[in-house]
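Reading through the structure tokens given below for one structure.
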Amino acid sequence: MSEPELAAAQTTPRSHLYEIDVLRLLTFACVIAVHTVNYIGGFGVVTDALLTLLHFTRGAFFWLTAFVLTYGQLRRPRPLRRFWPRRFLLVGVPYVVWSGVYVFLNATISDSLGDPLARLVDWAHALLRGDAAEQLYFLLVTMQVYLVIPALIWAVRRFPEAHLLFLSVAFLVQGAVFWVARYEPATVAWTHGSLTSVFTSYLFFVVGGVVAGAHADAVLRWVRGHRVVLAVALTATAVLALAVYALNRHIGLDLSDASDEMQPVQLVWSTVATLALLSVGAWWADHRRPGSWDDRTLAWASDRSFGIFLSHPAMITILLALGITAPSNPAALRVPIAYVLVVIGAVVTTEVFRWTPLSLPLTGRPMVRRTREAFVQPVGENR
């Protein structure tokens with residue numbers, strides 16, 4: 001792409017951001033890695049240090065969600081009577097269905113199915129807490145974001161001079177929540193660990209996504225022009241995050257708590273990691289060849305990514321039940337093998353669902369009806 005073409009691509013309003021497709025796929029790939037390492041790798045100094053770095057996915061996920069919603073609403077405003085029903089349909093229905101799937105799957109595998117009525121009660125409780133599976137709280141928080149984001153977008157548009165103030169307040173609020181949750185847990189014991197399922201625990205990333213979405217062109221230009229800066233910052237903040245992990249171990253926290261996702265340092269590390277991956281997406285978008293094999297593959301993967309995200313913990317559960325990744329093998333061997341098997345299983349499962357009437361409740365996408373739709377994602381707003 002020539003310099004004039006690149007400049008035009010950065011300033012011309014677009015309905016679809018291919019940079020975001022790459023960021024989404026990389027983030028979801030790392031989410032799968034988090035859960036695979038957590039459940040297959042077991043506790044260990046190295047595996048938990050790796051988890052410390054992979055936990056950026058939470059911030060990236062909610063930044064991405066807020067960015068896409070803001071970008072879409074500012075360019076193609078939808079009244080709330082259309083915005084909310086569509087969003088809650090595509091996320092709320094899969095949330096309800098998959099919560100039930102995981103409640104009954106886990107009960108069946110653990111041979112504790114018992115009274116089906118009791119499992120229905122467990123299902124209802126899981127819907128309130130977002131804990132039927134490791135990743136479903138993402139969806140519960142996302143639906144909370146859907147409720148508040150119209151107000152956040154209004155505030156960003158109404159007070160353009162206050163964006164830095166909004167970010168600063170959100171940073172302090174989320175930093176305080178993380179600090180208390182990690183280092184003063186007794187003061188929030190009444191929440192019974194539910195802070196991870198409340199959107200205020202990710203306020204900085206949500207507000208950051210809204211502000212970035214309002215300045216999308218400037219943000220994308222910035223990540224394109226500062227790749228070296230981002231690479232240096234990524235290295236420095238990774239070292240910082242690992243240093244905090246080591247310090248947590250030094251002051252007596254166990255491996256799980258030392259690498260916990262609700263660490264104040266995650267505000268810095270997750271932000272830098274998200275922007276760094278966005279710069280990777282920008283590089284790909286600048287070199288994208290429309291209609292090429294890799295372009296069609298990315299479109300296909302982007303379309304299936306949410307279904308893969310929803311189904312991958314089931315693959316981990318099945319692997320554990322079958323004993324395929326035996327603990328007797330070293331983590332350095334069983335984790336990569338398990339990761340590949342989980343991805344393959346989730347991809348195949350999602351692909352099957354996409355071609356059935358169950359596609360919407362199980363993948364968050366309407367059923368594929370034409371062969372072309374399986375490979376080419378229509379240009380439109382990013383998910």
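Positions are given from 1, in the same order as the sequence printed here.
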> Looking only at atom types and distance, does a side-chain atom of Thr350 sit under 3.5 Å from a main-chain N or O of Ile308, one as donor and one as acceptor?
Replying inline: yes
According to the interplanar angle, ranging from 0 to 90°, do the rings of Phe61 and Phe309 count as parallel (below 30°), tilted (30 to 60°) or perpendicular (above 60°)? parallel
Fill in: Connected via hydrophobic side-chain network under 4.5 Å: Trp283 and Val228
no
- Item | Worked verdict on Val93 versus Phe88 for side chain to side chain contact (heavy atoms under 4.5 Å, CB included) | CA-CA 7 Å; Val93 173; Phe88 283 108; over 6 Å; no
Here the pair of heavy atoms bringing Ala238 nearest to Leu53 is O-CD2, 3.9 Å
Note: Cys30 and Thr57 closest approach over all heavy atoms is CB-CG2, 3.4 Å
| task | Check whether any side-chain N or O of His163 sits under 3.5 Å from a backbone N or O of Val156 as a donor-acceptor pair, and report yes or no. | result | yes
request  = Kindly indicate whether the side chain of Leu51, heavy atoms from C-beta on, has any atom under 4.5 Å from the side chain of Thr47.
outcome  = no
* **Check against side chain to side chain contact (heavy atoms under 4.5 Å, CB included), Phe205 and Thr271** => CA-CA 8 Å; Phe205 300 117; Thr271 299; 3.7 Å; yes
message = Checking Ser256 against Asp254: is there a side-chain donor and acceptor pair closer than 3.5 Å?
response = no
OH (Tyr137) and CD (Gln144) are apart, to the nearest 0.5 Å, by 12.0 Å
Using side-chain heavy atoms (C-beta onward) and a distance below 4.5 Å, is Leu319 in contact with Met315?
no
Under 3.5 Å donor-acceptor, Tyr95 side chain and Leu127 backbone: yes
Rounded to the nearest 0.5 angstrom, the CG-NE2 distance for Leu74 and His215 is 9.5 Å
Original post:
Under the 3.5 angstrom rule, does the side chain of Gln266 hit a backbone N or O of Ala241 as a donor-acceptor pair?
Top reply: no
Q.
Closer than 3.5 angstrom, by distance alone: can the side chain of Tyr245 be matched with the main-chain N or O of Leu50 as a donor-acceptor pair?
A. no
Do Ser359 side-chain atoms and Trp355 backbone N/O form a donor-acceptor pair below 3.5 Å? no
Is it true that Gln135 and Trp98 share a donor-acceptor pair across their side chains at a distance under 3.5 Å? no
Taken to the nearest 0.5 Å, the spacing of Thr349 OG1 from Ile344 CD1 works out to 11.5 Å
| said: Leu234 vs Phe56, test: side chain to side chain contact (heavy atoms under 4.5 Å, CB included). Steps then yes/no. | reply: CA-CA 12 Å; Leu234 185 71; Phe56 83 88; over 6 Å; no
Tightest non-hydrogen contact, residues Ser305 and Arg24, listed as OG-CD, 3.4 Å
With heavy-atom distances below 4.5 Å as the criterion, would you say the side chains of Leu164 and Ser168 are in contact? yes
Determine the interplanar angle of the Trp284 and Tyr18 rings, folded into 0 to 90°, and report it as parallel if under 30°, tilted if 30 to 60°, perpendicular if over 60°.
tilted
**Message:** Any salt bridge linking Asp303 with Arg354? Criterion: basic side-chain nitrogen under 4.0 Å from a carboxylate oxygen.
**Reply:** yes
Residue pair Phe83 / Ile149, side-chain heavy-atom distance below 4.5 Å: yes
When every non-hydrogen atom of Thr142 is compared with those of Phe62, the smallest separation belongs to OG1-CE2, 3.9 Å
Worksheet item: Is there a donor-acceptor pair closer than 3.5 Å between any side-chain N or O of Ser279 and the backbone N or O of Ala276?
Response: yes
* **Within-4.5 Å side-chain heavy-atom neighbours: Leu139 and Leu310** => yes
Q) Between His35 and Pro313, is there a donor-acceptor pair closer than 3.5 Å when you use the side chain of the first and the backbone of the second? A) no
**Item:** Joint hydrophobic cluster, Val46 plus Val34, side-chain heavy atoms closer than 4.5 Å
**Value:** no
CG (Leu277) and CD (Glu19) are apart, to the nearest 0.5 Å, by 13.5 Å
Is a side-chain N or O of Ser302 found less than 3.5 angstrom from the main chain of Leu298, in a donor-acceptor match? no
Test item: Leu360 and Leu90 side chains (from C-beta on) under 4.5 Å apart, heavy atoms | yes
_Taking the basic N atoms (NZ, or NE/NH1/NH2) and the acidic carboxylate oxygens, is any pair closer than 4.0 Å for Arg289 and Asp295?_
no
What one should report as the nearest heavy-atom pair of Val210 and Leu152 is CG1-O, 4.0 Å
Taking it one step at a time, do Tyr146 and Val91 satisfy side chain to side chain contact (heavy atoms under 4.5 Å, CB included)?
CA-CA 10 Å; Tyr146 289 165; Val91 172; 3.3 Å; yes
Interatomic distance, CG@Leu120 vs CH2@Trp123, rounded to 0.5 Å, equals 7.0 Å
| message | Checking side-chain polar atoms at under 3.5 Å, does Asn248 have a donor or acceptor matched by the opposite partner on Tyr183? | response | yes
Closest heavy-atom pair, Pro264 versus Phe178, reported as atoms and distance to 0.1 Å, is N-CB, 3.9 Å
Rounded to the nearest 0.5 Å, the CG atom of Leu195 sits from the OG atom of Ser201 at a distance of 4.5 Å
| task | Check whether Val145 and Phe171 end up in the same hydrophobic cluster, where Ile, Leu, Val, Met, Phe, Trp and Tyr are linked by side-chain heavy atoms less than 4.5 Å apart. | result | yes
side-chain hydrogen bond (donor to acceptor under 3.5 Å, both in side chains) filter on Asn106, not counting sequence neighbours, yields none
| With side chains defined as the heavy atoms from C-beta onward, is the minimum distance between Leu278 and Val22 less than 4.5 Å? | no
Salt bridge (Lys or Arg N to Asp or Glu O under 4.0 Å) with Asp260: of Arg249, Arg58, Arg182, only one passes, and it is Arg182
Arg227, CZ atom: more than 12 neighbouring heavy atoms under 6.0 Å: yes
Quick one: does Leu165's side chain get under 4.5 Å of Phe159's, heavy atoms only? no
Item to check | Val31 with Val340, same ILVMFWY side-chain cluster at under 4.5 Å | outcome: no
Exercise. Would Met143 and Val206 show up in the same hydrophobic cluster when neighbours are defined by side-chain heavy atoms closer than 4.5 Å?
Worked result: yes
- Is Gln73 reaching over with its side chain to a backbone N or O of Arg78, donor-acceptor style, under 3.5 angstrom? yes
